[in-house]
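These notes concern the structure reproduced below.
All values below come from the heavy atoms of this structure, side chains included, with hydrogens, waters and symmetry mates left out. This structure is a prediction, so every number in the text was calculated from the model and none was measured. To find a chain, count down the sequence lines: A is the first, B the second, and so on, and within it residues start at 1.
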There are 2 protein chains.
Amino acid sequence: MDSGGLTLSCQFIDLDLGGNQVVLHADDAEEIGVHPQHRVHVRFGDESLVAVVDTTSSVVEPGRIGVFPGVADDLGLEADAQLEVQPAEKPESVEFIRKKMNGRELDTDEIARLVEDMVQGSLTDIELSAYVTSVEIHDMNIRETTDLTRSMVETGEVIDFHDPMIFDKHSIGGVPGNKITLLVVPIAAAAGLPIPKTSSRAITGAAGTSDVMEVFCDVKLTAERIRSITNDVGGVMAWGGAVNLAPADDIIIRVEHPLSLDPRSLLLASVMAKKRAVGAKHVVIDIPMGPGSKIATMEEAKSLARDFIALGDRLGMQVECAITYGGQPVGKTVGPALEANEALRALRGDPDVPESFTKKATAIAGILLEMGGLARRGRGQQEAQRLLEDGSALETFSEIVQAQGGPEPELQPVGDHTWELVADKDGYVAGVGNRDIVAITRSLGAPKVKGAGVELPKKEGDSVEEGETLLKLYAESEYKLEAARKLATSKDPVTVEGMLLERVPEFREIGDEPSGPGPDPSADGNGGIRQVAPEADDDNEADTEAETAADGS
Amino acid sequence: MDSGGLTLSCQFIDLDLGGNQVVLHADDAEEIGVHPQHRVHVRFGDESLVAVVDTTSSVVEPGRIGVFPGVADDLGLEADAQLEVQPAEKPESVEFIRKKMNGRELDTDEIARLVEDMVQGSLTDIELSAYVTSVEIHDMNIRETTDLTRSMVETGEVIDFHDPMIFDKHSIGGVPGNKITLLVVPIAAAAGLPIPKTSSRAITGAAGTSDVMEVFCDVKLTAERIRSITNDVGGVMAWGGAVNLAPADDIIIRVEHPLSLDPRSLLLASVMAKKRAVGAKHVVIDIPMGPGSKIATMEEAKSLARDFIALGDRLGMQVECAITYGGQPVGKTVGPALEANEALRALRGDPDVPESFTKKATAIAGILLEMGGLARRGRGQQEAQRLLEDGSALETFSEIVQAQGGPEPELQPVGDHTWELVADKDGYVAGVGNRDIVAITRSLGAPKVKGAGVELPKKEGDSVEEGETLLKLYAESEYKLEAARKLATSKDPVTVEGMLLERVPEFREIGDEPSGPGPDPSADGNGGIRQVAPEADDDNEADTEAETAADGS
């Protein structure tokens, strides 16, 4: 052992604190001249890594070194293994973080080494946060973003299909109930386009694609199974976390998340790295837009779309983007089992499944079909619709589920503790608040509790009668139901606007005479909207007639 | 206990991870709906705080909550105490951090709440780093900095002397061996200026003022003792860490340090908060400048000085700044005991103590005397010199040391394992590298090992003969001496330039005829610098004569 180091026996400490961390007794730390937040090389046989030091007087004794799970796994340690510990210099990439902080462009090599250090676990939360904050403020240009994407791919597992025609889909998220993947993948695979889709679990959302798919079958597929199942049946819907694709992504997200940051260049690299890591060459990206989603304006959506396409171009990938409506949840369900069932019903052709859901799915799938040369431009959705209607997509979905270890897909049980939020007045749904819906669904226990979720019988624009259900809550325990009920009643998740939008003031303007007291026979599905003068004697009667006319829209 | 919370019994975990952290078993965390990096309210009797959650499957059992030292101290916990734990929202100050990230000015109230949350310990490293990085990039204006300073004072202990004439001194650091406080404080106190000086220990440096003073006496004074001793003998030299002055400062520094950041507004607030917290109204700030210090140019030094004065003005404090030479260590010693002895020798009037040290000290003290109306402008240094020479400063120093619990000050033992780096050629000292000197001194064990340090017999401009000592290392163990020796020989801490700077090339320019082969009799203390034409026959003889003339400078 070189002078300046120590040999210490390891002790496992199961805490997930991010990065590689080890705990030294204060005396041992002093001995080798390291302080908390300094780094050490830790070596076990042929394996070594750099870890950040915490010190203690009690958690470990002198002669011992506390190791957190990341270190134990990376070094393949057993309890009491003897580790060689020496002071380590701060990684050079801390200088690169300073460089970006100073608003300068990073070299290809600097980016590569920064990502390597991230993935090695040798950067602290303080350093990672400084990087993400600096990128939020200064951003990275397309060249840097391309290099970042490549480095994120290269520092993780890559699945090589030896096939230039690999397809993939991604949604940037921000809209609950976005279960379309469970239609898009089977449609594309049924058409013969290999689509090895990996997805995440919900971090802040109510149910990620993996949470929903997991209702039917295993999603923790290895790289090898992803490859073999895609080769056999045309596609998978796997959990990305079980494969080590672009691991820097999770490291970055972990630091972005508490700060609610999503700087453009990191979002681009995050999405494209995961796609590239499975060798995708043709990618459709769903960009939900609208109030309560991640993207507020069409301008911002188009800017993001252009950026994705430009980055794809530099990476040799064909990218198309679909800007979709994200102002309310997709379909009528939010929560793993409820969404799984809605998707299965859609695949089975159930007419009660809202068209807004199936149409979105076939539109996205249609883009893939067009990219794959299986439909002329503009005809893809039609072809996707055909594959859905003729049962091909259902059949392929069933093959995928079974290849992933599940039984023939059937409707799944949902929470049996239910409660319904009802309308306290007549009107129409003026809005469904995405964030409130997510909060309520999470308080019901989603995504961990599979049967937890909500049903939205009414969507934006639907008419509503007093007493009708606006939102149905499903929980697996009375306790969770109660917590969610409180939340739902304190929020206004489904906003109902009355029939009566406004009363004409006493002093009417000339020419504002109402045409008559009766309802407007051309009332649309909004349930009719009338202005009523205050001096009309038969107000109430007129209202009643209007409502009657609007029933059944 | 409200629904949504749990009662858990506490288990101490001695790790210093920054902020308030607690460890929940994964099941308990799930139960109340929190994830790692989320926050909880933790309540014990009347005390409560917000802490960040880590989860585990093994470090604590279900029903138990692991608490780190900060939480245990703040809540006054005993082992197995029953704590009430409920999910907590993210502090609002995270929004203020985002606001600064977006380059916007923070309100007085936002700053106050941000500092409160820092001091409460409810901000994570990720959030604190985002704040510091954002300030590094966007900075804060003078109004924000003033508010930050006030908030930093108000969230900590304040020592009220009920005396508008409190004096103080600060150095921004960056130059090793800067032991002048041990002269400045006694001189000012001897003159009757109350000077309750608190200082830090070295974080990255070789020896902070507190490390040096601690060689003579206790520095861990309470606020009450700081007040009483200052009232009794005129001054103290205490360790700020033992009093809870401006605690936000340490929290910010902890995050700045790994990133090597020192944004202007935070530096200003850091210094002025500590001074204000002891009620100082008249402050002199030493700004060392030069290669290897924190400030590279006079322009930067003046800018910083102006900022300190402007901030002081807004805070109702009179500030003067001294821009001093920081391109090499102050005096001839670096390291706690060695510096302590050099200071004591200076107080005793030992002529071997370099004038560069005593003159710096009296210049700084002189500014205080002028601010205190005890000397006319421009005469302060003279008056300070008098107090040094007539023994008043020594007497006051002795009183302070004894009031702080030490014996009558005597020269202290230093490390007895020594090694000397000698010059391998004749010449003069062209430079002494501050950073190398600090690195060597720290590798010897300073500041923790009091007797560790270095001596510099030669300073910039001194002439050197081959074989003379350039640097003497003192260690308390052979092991540390060896490590430091290796470091010293691998670096070039004391750079010696030879007498012969350059040889005139074969093709001389017209008019460059040397005036003669002999030495230049007007040679200054640099040891003489001559250009020698390659065709002169008596080169060597001429060199020898020149060196002889330069000896003894």
Stepwise side-chain contact (heavy atoms from CB on, under 4.5 Å) test for A:L114 and A:I97 = CA-CA 8 Å; A:L114 175 58; A:I97 295 172; 3.8 Å; yes
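Both the backbone and the side chain of A:E127 come within contact range of chain B, each with at least one heavy atom under 4.5 Å from a heavy atom of that chain. The parts of A:S57 that come within reach of chain B are both its backbone and its side chain, each placing non-hydrogen atoms under 4.5 angstrom from that chain. Using a 4.5 Å cut-off between heavy atoms, A:Q21 touches chain B through its side chain atoms alone. Of the two parts of A:S260, the backbone and the side chain both hold a non-hydrogen atom closer than 4.5 Å to a non-hydrogen atom of chain B. Both the backbone and the side chain of B:R254 come within contact range of chain A, each with at least one heavy atom under 4.5 Å from a heavy atom of that chain.
With chain A as partner, the option from B:I137, B:V59, B:V255 having the largest number of non-hydrogen pairs under 4.5 angstrom is B:I137. Ranked by heavy-atom pairs under 4.5 Å with chain B, the first of A:S134, A:S129, A:P36, A:P69 is A:S129. Here B:H138 is the residue among B:H138, B:H257, B:E95, B:E482 with the most heavy-atom pairs under 4.5 Å with chain A.
Remark: A:E110 does not engage A:K100 in a salt bridge, criterion side-chain N to carboxylate O under 4.0 Å. Checked for salt-bridge contact, A:R64 and A:D80 meet the test: a charged N lies under 4.0 Å from a carboxylate O.
At a cut-off of 3.5 Å, with distance as the only test, no side-chain donor of A:T133 or A:E136 sits close to an acceptor on the other residue.
Put simply, the side chain of A:V40 reaches to within 4.5 Å of the side chain of A:I32, judged on heavy atoms.
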